[in-house]
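Residues take their numbers from the sequence shown, with the count starting at 1. Everything quoted here is computed from the prediction, not taken from an experiment.
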Amino acid sequence: MVSLAMVGAAGLTGRGRWRVPASVVGFAPAVAIWLGPPMRPELARSTPLGIISAASFSLLYLALVYACSLPMSKDRRGSGSRQPDRVASG
């Protein structure tokens, strides 16, 4: 699950020709929980418990993808990546 989230994060923050395939593979579990068969009869999407569990899984998975994308972002503020200000010596 974490590996798929990292692939989704790479698709979310990446550039180039692998961005779209990585996004499709990485975000597939969030869609598959709604389209696939239920794991147990109690978790069918026709029941309130099934809707709540599918929505919770999707939202928590998307939060994991976003959390994995933060270290991969190109422009991070406050990470010390800025050049230090030059001090004029005199």
**Message:** Going by salt bridge (charged side-chain N to carboxylate O under 4.0 Å, His left out), name the pairs with one or both residues in residues 19-41, residues two or more places apart or in two chains.
**Reply:**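 Of all non-adjacent pairs touching residues 19-41, those that pass salt bridge (charged side-chain N to carboxylate O under 4.0 Å, His left out) are Arg40-Glu42.
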Test of understanding: clusters of I, L, V, M, F, W, Y form through side-chain heavy atoms closer than 4.5 Å, transitively. Do [X] and [Y] belong to the same one?
X	Y	value
Ile33	Met1	yes
Leu43	Leu59	no
Val2	Leu12	no

Side chains of residues 63-71: which donor-acceptor partners sit under 3.5 Å, not counting sequence neighbours?
residue : atom : partner : partner atom : Å
Ser69   : OG   : Tyr66   : O            : 2.7

**Asked** Do you know which two heavy atoms are closest between Met72 and Met6, and how far apart they sit?
**Response**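 What the structure gives for the nearest pair is CE-O, 3.9 Å.
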**Item:** Sidechain-backbone polar pair: Thr13 side chain, Ala9 backbone, donor-acceptor under 3.5 Å
**Value:**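 Yes, Thr13 side chain to Ala9 backbone: donor-acceptor pair under 3.5 Å.
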**Message:** Nearest 0.5 Å, please: how far is CZ in Phe57 from CE in Met39?
**Reply:**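 Here the interatomic distance stands at 7.0 Å.
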**Request:** With sequence neighbours left out, write down each residue that passes side chain to side chain contact (heavy atoms under 4.5 Å, CB included) with Pro38, or none if nothing qualifies.
**Result:**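 Here the qualifying residues are Ala44, Arg45.
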**Asked** Listed by chain and number, what are the side chain to side chain contact (heavy atoms under 4.5 Å, CB included) partners of Val25, not counting sequence neighbours?
**Response**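 Val25 satisfies side chain to side chain contact (heavy atoms under 4.5 Å, CB included) with Leu4, Val7 once adjacent residues are dropped.
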**Asked** Leu35: which other cluster members, linking ILVMFWY side chains closer than 4.5 Å, directly or transitively?
**Response**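 Val31, listed by chain and number.
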**Request:** Report the residues that fulfil side-chain hydrogen bond (donor to acceptor under 3.5 Å, both in side chains) with Trp34, sequence neighbours left out, ordered by chain and then residue number.
**Result:**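 Partners of Trp34 under the side-chain hydrogen bond (donor to acceptor under 3.5 Å, both in side chains) test: Ser58.
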